[in-house]
Amino acid sequence: MTKPCMAPSNTAKRNLRASEKTSCDLPSKQVAVQQPPRLQCLLESRGWKGKQTHQDQFPDTAGRPAVLCGAAWEPEAATMVEGLEVALTDLQSSWNNVQHHTDEISSSRLLVRRGQAFNITLYFRNRAFQPGLDNIIFVTETGPLPDLSKGTRAVFSLEGHPGSSPWIASLQTIGANSLEVSLCAPPMAAVGRYLLKVHIKSLQGPVTAYQLGEFILLFNPWCPEDAVYLESEPQRQEYVMNDYGFIYQGNKNWIRPCPWNYGQFEENIIDICLELLDKSLNFQIDPATDCALRGSPVYISRVVSAMINSNDDNGVLNGNWGENYSDGTNPTEWMGSVAILKQWHATGCQPVRYGQCWVFAAVTCTVMRCLGIPTRVITNFNSGHDTDGNLIIDEYYDNTGRILENKKKDSVWNFHVWNECWMARNDLPPGFGGWQVLDATPQETSNGLYCCGPASVRAIKEGEVDLNYDTAFAFSMVNADCMAWLVFGGKEQKLHQDTSTVGNFISTKSIQSDERDDITENYKYREGSLQERQVFLKALQKLKAGRSPGSLRTESQPRSVPLSDSPRSLATPSLQPSDVVQVSLKFQLLDSPDMGQDIRFVLLALNMSPQFKDLRVNLSAQSLLHDGSPLLPFWQDTAFITLSPEEAKTYPCKITYSQYSQYLSTDKLIRISALGEEKNSPEKILVKKIITLAYPSIVINVLGAAIVNQPLSIQVVFSNPLSEQVEDCVLTVEGSGLFRRQQRVLIGVLKPHHRASLTLETIPFKSGQRQIQANLRSNKFKDIKGYTNVYIGL
């Protein structure tokens, strides 16, 4: 019985442009190979005579010809047999993979996309194939329990009986002792690892069966009949083929790109992605049904969303939004998915510690692109986390302006990162296909598991929150209202309701560019517009209609200002406290908020009335965790400001490095708040600002021309931004196509404001546009990052 070919053919490595053709009738080609003399002599010594093909393995010990790499061989004195016998199979991996856009994964293993033909060549031991005399039947199987009725087993003839199977086999060329055949998987076939077999029945001989080899079948965004078809080639190159990118972080007033190495085509990543599917609860419970459903990108996306986090299973990542990462890796240190996925695999699929939203989304992007589903990473600034589904995020403050921990666990994340995946949605009404939100960060359960999506982006924009999957939760992340409450004397007083805080500057990397795309308009109509308010009310009514009476949040405690009107009524919005008091408060930074430096800012107070105003303003500053959870205040001040009619004044403030350094979380977030009151008015005015402290970037210089398989020197320049010595410094560098594994360099101690550099040597092994990422950590900081793009020539 023949066995799968595992080694590449030299002549099969052709410099061919990737074909755009998705027909099942790709043209055939002629190849010829010279057998290495050492292998030829070895085989001839065993009594085998060569014919030029292109496979290279030895005949098996039982005497039956196996899949050979480089040549087909037969005994010199072979006895003629009546039946047609397969001597070896050429899966044409190198050539097929170029046509199927999988050559970056491997040139020696066959990886093809559904809905597109691939060619194989059968070499026969005794005679030529004779149409009409020989009947060749192919069998493909996937999963542990292949089943014709479930579509995980297919039987299809070279003669091609119409309608017998969605798989297609067609004759290409007949040689003296060879047959080239084109095979094509249907565009809805289950993705995964397949076994390819052939049965041959000849009139003069018995039926013989051969195992031809294995191949991996992937989604095909180049095939119009595939549910993940993406018409634009630049988009396919960006959202499927690009193995690096940016994840946007910071805050809405200071957006910065964080470089990331997706590495979806790196060694063993495809196998780890398939292993991830096999470790899912769905597969463990019912492997036959799970494999049968793997043709659906909707199903696959929900499985991947659940498996990237480890809340329900041995998924890839443990989440941690606290401050203690001593038994793992601080999420801010990661800069690529490959190290995470390989660690998960190497430890027997034990969850990797630790991840936060951008890490979950980045690893999801790697897996989905590897499987062939167009995917991008999305950042939403001021992202709502509405735990009770009423589209209201409640925030609580004390009379010093300090934000209190929310017992309801509602929160506004400084930024939140998820994915969009491109697919048809035949399970939804027409018009809701295209980009779908997928969120692997474990926030709330969906059908009992911690996963979210796919939710149609268009459904989110139109307020169709009753459509599958988790559209209501996704809607709240970009559209919820913020309600601020003053907690004082055991009572809660409504400060104000903000309809525009949540969902700002929704961002993703531009196509084939390092620029940022703002895609907020894909998710919501312009804030304050009539359409936006109508959509919000429609979503709110759908949520109410889907719940039993009283299931929405009710007032469990008396409040001094009852919430009697509906949020965002179509009438004129209710007046803010600043409108009643006619005083405006605003923070303004005087300098860039750099780590290690004092933070200088002013409070701007403006009297908009014709009367004098006497203000008392309580100011405070406290660190925040990434999910919005507050830490204890480390700075407080009280200002007394007297304003003449229509007068503006500034109140200067300074928070020294020594005041904030020991209280700062690794998220580098500081929230400053001011709660003002005018002595003749009961109204309170709340103003707040989030400051993200910045580090100087690492500088990466490529020294000389970058050529495949040629030594390359890379200089990395970094510095200690602090006015104190830092210890335990480690520099990490990676980049797909340049480094086969992460490079870690122990730096040790860096003196205050010390600048240093080092040079790394590497040998690039892939051509094209690539990116190098670097991270510096110490006992005082964890994520000083840098990147550079480099083109690797042939």
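Residue numbers run from 1 in the order of the sequence given. Below, all heavy atoms of this structure are taken into account, side chains as well, without hydrogens, waters or symmetry copies.
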Under 3.5 Å, side-chain donor or acceptor atoms of residues 270-277 against the rest of the protein: list the pairs with distances, not counting sequence neighbours.
residue : atom : partner : partner atom : Å
Asp271  : OD1  : Arg109  : NH2          : 2.7
Asp271  : OD1  : Arg193  : NH1          : 3.4
Asp271  : OD1  : Arg193  : NH2          : 3.4
Asp271  : OD2  : Arg109  : NH1          : 2.9
Glu275  : OE1  : His345  : ND1          : 2.7

Val316 vs Ile340, side chain to side chain contact (heavy atoms under 4.5 Å, CB included): CA-CA, chis, key distance, verdict: CA-CA 8 Å; Val316 176; Ile340 295 170; 3.7 Å; yes

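- Counting only distance, with no hydrogens or angles, the side chain of Asp226 and the backbone of Asn220 share a donor-acceptor pair below 3.5 Å.
- Remark: Cys349 SG to Asn314 CG distance equals 7.5 Å, nearest 0.5 Å.
- To the nearest 0.5 angstrom, Leu158 atom CG is 6.0 Å from Leu179 atom CG.
- With hydrogens and angles disregarded, a donor-acceptor distance shorter than 3.5 Å links the side chain of Arg113 to the backbone of His101.
- Closest of all the heavy-atom pairs between Thr375 and Cys421 is OG1-SG, 3.6 Å.
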Side chain to side chain contact (heavy atoms under 4.5 Å, CB included) between Arg302 and Ser446: does it pass, once the steps are laid out? CA-CA 10 Å; Arg302 284 186 65 77; Ser446 173; 2.9 Å; yes

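- Between the side chain of Gln284 and the backbone N or O of Asp278, at least one donor-acceptor pair lies under 3.5 Å.
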Yes or no on side chain to side chain contact (heavy atoms under 4.5 Å, CB included) for Met368 and Ser301, after CA distance, side-chain angles and deciding distance? CA-CA 8 Å; Met368 298 296 274; Ser301 64; 3.6 Å; yes

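- Counted by atom type alone, Gln92 and Glu180 present one or more donor-acceptor pairs between their side chains at under 3.5 Å.
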Determine, step by step, whether Thr366 and Ser337 satisfy the side-chain hydrogen bond (donor to acceptor under 3.5 Å, both in side chains) criterion, reporting the C-alpha distance in whole Å, the side-chain angles of both residues, the deciding distance to 0.1 Å, and the verdict. CA-CA 7 Å; Thr366 296; Ser337 305; 2.8 Å; yes

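- Partners of Asp103 according to the side chain to side chain donor-acceptor pair (under 3.5 Å) rule, which considers only residues two or more places apart in sequence or in another chain, do not exist here.
- Remark: side-chain polar atoms of Asp286 are paired, donor with acceptor, to backbone N or O of Thr289 under 3.5 angstrom.
- A donor-acceptor pair under 3.5 Å links the side-chain atoms of Ser232 to the main chain of Gln235, judged by distance alone.
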Hey, mind stepping through Lys201 and Asp134 against salt bridge (charged side-chain N to carboxylate O under 4.0 Å, His left out) and telling me if it holds? CA-CA 6 Å; Lys201 181 178 182 181; Asp134 301 312; over 6 Å; no

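- Looking at heavy atoms from C-beta onward, Leu122 lies out of side-chain contact with Tyr210 at the 4.5 angstrom threshold.
- Side-chain atoms of Thr152 do not come within 3.5 Å of backbone N or O of Cys291 as any donor-acceptor pair.
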Carefully, step by step, assess Trp422 and Ile373 under the rule side chain to side chain contact (heavy atoms under 4.5 Å, CB included). CA-CA 7 Å; Trp422 182 273; Ile373 300 177; 5.9 Å; no

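- Side-chain contact check for Ile137 versus Phe156: every heavy-atom pair is 4.5 Å or farther apart.
- For the pair Arg369 and Tyr262, the distance from NZ or CZ to the six-membered ring centre is under 6.0 Å and the angle to the ring normal is within 45 degrees.
- A salt bridge is absent between Asp290 and Lys150; no separation between the charged side-chain nitrogens and carboxylate oxygens falls under 4.0 Å.
- Residues Ile511 and Pro234 approach most closely at CG2-O, 3.5 Å, considering heavy atoms.
- Taking the ring centre of Phe432 as origin, the terminal cationic atom of Arg458 falls inside the region bounded by 6.0 Å and 45° from the ring axis.
- Taking each heavy atom of Arg114 and Pro297 in turn, the nearest pair found is NH2-CD, 4.4 Å.
- Residue Thr140 holds its OG1 atom at 13.0 Å from CD of Glu214, rounded to the nearest 0.5 Å.
- Side chains of Phe129 and Ser202 form no contact here, defined as non-hydrogen atoms less than 4.5 Å apart.
- Glu231 contributes no side-chain N or O that, together with a main-chain N or O of Tyr229, makes up a donor-acceptor pair within less than 3.5 Å.
- By the side chain to side chain donor-acceptor pair (under 3.5 Å) test, Ser736 is found to be paired with Asn261, residues two or more places apart in sequence or in another chain being considered.
- Asn96 has its side chain out of reach of Leu91: every pair of non-hydrogen atoms, C-beta onward, lies at least 4.5 Å apart.
- Side-chain N or O atoms of Glu238 include one that pairs as donor or acceptor with a backbone N or O of Gln512 at under 3.5 Å.
- Note that the OG atom of Ser93 and the NE2 atom of His100 stand 11.0 Å from one another [nearest 0.5 Å].
- Arg294 places no side-chain N or O within 3.5 Å of a backbone atom of Ile300 that could act as its donor or acceptor partner.
- A donor-acceptor contact shorter than 3.5 Å is absent between the side chain of Thr364 and the backbone of Ala440.
- In this structure, Trp435 and Tyr239 have perpendicular ring planes: the angle between them is above 60°, well past the 30° mark.
- Atoms CD and CG, on Gln436 and Asn468 in that order, are 11.0 Å from each other to the nearest 0.5 Å.
- Legend: residues meeting side chain to side chain donor-acceptor pair (under 3.5 Å) with Glu141, ordered by chain and number and at least two apart, are Arg153, Lys197.
- Scanning all heavy atoms of the two residues, the minimum distance from Ala292 to Ala190 falls at O-CB, 4.5 Å.
- Between Asn309 and Leu317, the closest side-chain pair of non-hydrogen atoms is not below 4.5 Å.
- For the pair Thr142 and Phe215, the minimum side-chain heavy-atom distance is 4.5 Å or more.
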Would Arg770 and Glu104 count as a salt bridge (charged side-chain N to carboxylate O under 4.0 Å, His left out) here? Give the steps. CA-CA 13 Å; Arg770 304 291 168 182; Glu104 281 217 30; 3.2 Å; yes

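- Here the shortest heavy-atom pairing between Ile136 and Ile200 reads CG1-CG1, 4.2 Å.
- Residues satisfying the side chain to side chain contact (heavy atoms under 4.5 Å, CB included) criterion with Ala189, sequence neighbours excluded, are Trp167, Ala185, Pro186, Tyr194, Leu217.
- In terms of the side chain to side chain donor-acceptor pair (under 3.5 Å) criterion, Asp313 has no residue partners (sequence neighbours excluded).
- Considering only heavy atoms from C-beta on, Trp222 stays 4.5 Å or farther from Leu230 through its side chain.
- Taking each heavy atom of Leu428 and Ser456 in turn, the nearest pair found is CD1-CB, 4.3 Å.
- Side-chain atoms of Asp147 and Ser149 form a donor-acceptor pair, as typed in the model, at a separation below 3.5 Å.
- The shortest side-chain heavy-atom distance between Leu449 and Ser305 does not fall under the 4.5 Å cut-off.
- For the atom pair CG (Leu341) and CD (Glu266), the distance works out to 11.5 Å, reported to the nearest 0.5 Å.
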